[in-house]
Amino acid sequence: KSATRLQMIPRVSERVWLWAPVARHETVRAFYCRAAHKRLSLRSIDVCSAFLTAPLNRPVYMKAPEGHERAGYVCRLRRACYGLCDAPRSFYLDFQQYLKSCSMISTSHDPCLYKSNNSKYKSVWILQYVDDLQISGDAMEIEEFLIDLKLKYKIRDYMEPRSFIGMEVTRTKDTLTLTQSEYIAQMAKRFNLTDAHYVSTPMDSDSLLSTVDDSLTKPDPTLYRAMVGSLMYAQCLTQPGLSFPVMSLSRYLSNPTHAHMNAARRAIVWTYHHRHLGITYDARMDDTLKMYSDANYATCLDTRRSTSGR
């Protein structure tokens, strides 16, 4: 047997709603934090061929595939197709409508975080990232929900989550740890920094970045932006220690100097050598929010402004 996959090459000539929300990174961390603190069961679910299950909300036409042409005729799509601009939003709306029929509503803080009002599975919460679902709640109630979900969609059940959107998820009896060791290793390899010497901090505490540069040459700004963007993804998910370096480096995206490039390389090297570090949620710890802040005084060489976090 042979399988064929049809993919659309869209040509959008009108203004249509194409966007579809995904879960915020802050919501992802809060979801895992709640599951760890309340010692809830977790399940990782993938909706198979998700976009092919979604009905379209507007008429969409396409040329017939090769070998099926017919003079004077075109094909009208009845469901979304991979490559179609409408597909992500169509699936999101279809999945949201299905959850509403199950008495599950999205929260006001994130449209991709759902909580249950159904008496069959009151404790169930669902986190949606396109067609990947993370489910928390009582183990028996999760099973009840999956029975209903299978009536609507074909799914793959990966049981306890091991990874999600580039993070590794490690669960023990009392803790849940989020890391990105594989992603960080790939980042260091991409920028040829796997053999760099160990550094103990992501930034040199004695160096102050500035737009002033007396060098006759400039580094590649595209490479610099790629480095900062890669660091930013790690910082947003599991590496809060990169918050200040990413903030500082992001100020010079349009016109980086060699000093900025060296600082970006140092941050990547530090992240690579500490890639085993991440965020750990411990059910035995007090869940009271504690915050700390630090600030310097007029250390920005360009504006003489103060900066928090240093």
**Student:** Could you go step by step and tell me if Leu249 and Met227 meet the side chain to side chain contact (heavy atoms under 4.5 Å, CB included) rule?
**Tutor:** CA-CA 10 Å; Leu249 297 172; Met227 296 171 74; over 6 Å; no

**Student:** Decide side-chain hydrogen bond (donor to acceptor under 3.5 Å, both in side chains) for Ser248 and His260; before the verdict, give the C-alpha distance in whole Å, the side-chain angles of both, and the deciding distance to 0.1 Å.
**Tutor:** CA-CA 9 Å; Ser248 301; His260 304 144; over 6 Å; no

**Student:** Just checking Lys115: does its NZ atom have more than 12 heavy atoms from other residues, nucleotides or ligands closer to it than 6.0 angstrom?
**Tutor:**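 No.
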
**Student:** Quick one: is the NZ or CZ of Arg89 closer than 6.0 Å to the six-membered ring centre of Tyr92, and within 45° of its axis?
**Tutor:**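 So Arg89 doesn't make the cation-pi contact.
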
**Student:** Can you tell me how far CZ of Arg34 sits from NE2 of His37, rounded to the nearest 0.5 angstrom?
**Tutor:**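 So the NE2 of His37 and the CZ of Arg34 are separated by 10.5 Å.
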
**Student:** Evaluate the side chain to side chain contact (heavy atoms under 4.5 Å, CB included) criterion for residues Lys154 and Ser49: first the C-alpha distance (whole Å), next the side-chain angles of each, then the deciding distance (0.1 Å), finally the verdict.
**Tutor:** CA-CA 8 Å; Lys154 181 181 178 182; Ser49 303; over 6 Å; no

**Student:** Is it true that Tyr252 and Leu223 fall in one hydrophobic cluster, defined by side-chain heavy atoms closer than 4.5 Å?
**Tutor:**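 The answer is yes; both residues are in one hydrophobic cluster.
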
**Student:** Main chain of Glu141, side chain of Glu143: is a donor-acceptor contact present, judged purely on distance under 3.5 Å?
**Tutor:**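 No; judged by distance alone, with no hydrogens or angles, the pair does not exist.
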
**Student:** Answer yes or no: is there a donor N or O on one side and an acceptor on the other, between the side chain of Arg79 and the main chain of Thr53, under 3.5 Å?
**Tutor:**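 Present.
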
**Student:** Any side-chain donor-acceptor pair under 3.5 Å between Asp148 and Tyr121?
**Tutor:**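 Side-chain D/A pair, Asp148 to Tyr121: present.
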
**Student:** Group every Ile, Leu, Val, Met, Phe, Trp and Tyr by side-chain heavy-atom contacts under 4.5 Å, then state whether Leu93 and Leu127 land in the same group.
**Tutor:**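 As far as the 4.5 Å side-chain criterion goes, Leu127 and Leu93 are connected within one cluster.
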
**Student:** State, without any angle test, whether Thr271 and Gln239 hold a side-chain donor-acceptor pair at a distance under 3.5 Å.
**Tutor:**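 Judged by distance alone, the side chains do not pair up.
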
**Student:** Is there a continuous path of hydrophobic side-chain contacts, each under 4.5 Å between heavy atoms, that joins Leu40 to Leu178?
**Tutor:**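 The answer is no; the residues belong to distinct hydrophobic clusters.
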
**Student:** Looking at Arg24, I want to see if its CZ is surrounded by more than 12 non-hydrogen atoms of other residues, nucleotides or ligands under 6.0 Å.
**Tutor:**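 Result for CZ/Arg24: open.
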
**Student:** Applying salt bridge (Lys or Arg N to Asp or Glu O under 4.0 Å), which residue pairs with at least one partner in residues 249-268 are found, sequence neighbours left out?
**Tutor:**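 Sorted pair list comes back empty.
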
**Student:** Let me see the working for Val47 and Leu149 under side chain to side chain contact (heavy atoms under 4.5 Å, CB included), right down to the final yes or no.
**Tutor:** CA-CA 10 Å; Val47 180; Leu149 184 65; 5.7 Å; no

**Student:** Is the count of non-hydrogen atoms from other residues, nucleotides or ligands lying under 6.0 Å from Arg70 atom CZ greater than 12?
**Tutor:**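 Atom CZ in Arg70 is not packed in, count stays at 12 or less.
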
**Student:** Tell me which pairs pass salt bridge (Lys or Arg N to Asp or Glu O under 4.0 Å) where either residue lies in residues 90-103, with sequence neighbours left out.
**Tutor:**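 Those involving residues 90-103 are Asp94-Lys152.
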
**Student:** If you apply the rule side chain to side chain contact (heavy atoms under 4.5 Å, CB included), what do you find for Ser136 with Phe31, and how did you get there?
**Tutor:** CA-CA 8 Å; Ser136 71; Phe31 177 85; 3.5 Å; yes

**Student:** Work out which heavy atom in Pro21 is nearest to a heavy atom in Cys112; give both atom names and the distance.
**Tutor:**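 Of all heavy-atom pairs spanning Pro21 and Cys112, the closest is O-SG, 3.3 Å.
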
**Student:** Taking Trp125 for its side chain and Ile135 for its backbone only, find out whether a donor-acceptor pair lies under 3.5 Å.
**Tutor:**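 No, Trp125 side chain to Ile135 backbone: no donor-acceptor pair under 3.5 Å.
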
**Student:** Is there a donor-acceptor contact under 3.5 Å from the side chain of Arg190 to the main chain of Met187?
**Tutor:**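 Answer holds: no.
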
**Student:** Can a side-chain donor-acceptor contact be found between Ser103 and Asn118 if the only test is distance below 3.5 angstrom?
**Tutor:**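 Checked: Asn118/Ser103 side chains show no N/O donor-acceptor pair below 3.5 Å.
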
**Student:** Could you report the tightest heavy-atom contact between Ala267 and Leu231, atom names first, then the distance?
**Tutor:**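 Reported closest heavy-atom pair: CB-CD1, 3.7 Å.
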
**Student:** So with a 6.0 Å cut-off around CG of Asp195, is the heavy-atom count from everything else above 12?
**Tutor:**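 Count not over threshold, so no.
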
**Student:** Just checking, is any N or O donor in the side chain of Thr179 or Glu168 under 3.5 Å from an acceptor N or O on the other one?
**Tutor:**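 On atom types as modelled, these side chains qualify, holding a pair under 3.5 Å.
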
**Student:** Are Leu52 and Phe95 connected in a single hydrophobic cluster, I mean Ile/Leu/Val/Met/Phe/Trp/Tyr linked by side-chain heavy atoms less than 4.5 Å apart?
**Tutor:**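 Yes, it is one cluster - the side chains of Phe95 and Leu52 are joined through contacts under 4.5 Å.
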
**Student:** Please evaluate residues Asp174 and Arg39 with respect to the criterion salt bridge (charged side-chain N to carboxylate O under 4.0 Å, His left out), reporting the C-alpha separation (whole Å), side-chain torsions for both, the decisive distance (0.1 Å), and the verdict.
**Tutor:** CA-CA 7 Å; Asp174 298 312; Arg39 301 178 189 272; 2.5 Å; yes

**Student:** Met104 and Ser116: which non-hydrogen atoms are nearest, and at how many Å?
**Tutor:**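 Distance-wise, the nearest heavy atoms are CE-CB, 3.7 Å.
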
**Student:** Quick check: does any side chain N or O of Thr194 sit under 3.5 Å from a backbone N or O of Lys189, one acting as donor and the other as acceptor?
**Tutor:**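 Checking the backbone N and O of Lys189 against the side chain of Thr194, no donor-acceptor pair under 3.5 Å is found.
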
**Student:** Centroid-to-centroid, Tyr198 to His274, below 6.0 Å?
**Tutor:**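 Yes - the distance between ring centres of Tyr198 and His274 falls below the 6.0 Å cut-off.
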
**Student:** Measure from the ring center of Tyr183 to the ring center of Tyr233 and say whether it is less than 6.0 Å.
**Tutor:**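 They qualify: ring centres under 6.0 Å apart.
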
**Student:** When rounded to the nearest 0.5 angstrom, what distance separates OG1 in Thr177 from OH in Tyr281?
**Tutor:**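 Going from OG1 on Thr177 over to OH on Tyr281, the span is 10.0 Å.
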
**Student:** Measure up the Phe164 and Tyr129 rings against each other and bin them: parallel (under 30°), tilted (30 to 60°), perpendicular (over 60°).
**Tutor:**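 Perpendicular, since the angle between the ring planes exceeds 60°.
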
**Student:** Do Thr217 and His258 have side-chain atoms, one donor and one acceptor, less than 3.5 Å apart?
**Tutor:**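 Note: Thr217 and His258 side chains meet the donor-acceptor criterion.
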
**Student:** Surrounding CD of Glu182 (heavy atoms of other residues, nucleotides or ligands, distance under 6.0 Å), is the total greater than 12?
**Tutor:**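 No, because the 6.0 Å sphere around CD of Glu182 holds 12 heavy atoms or fewer from other groups.
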
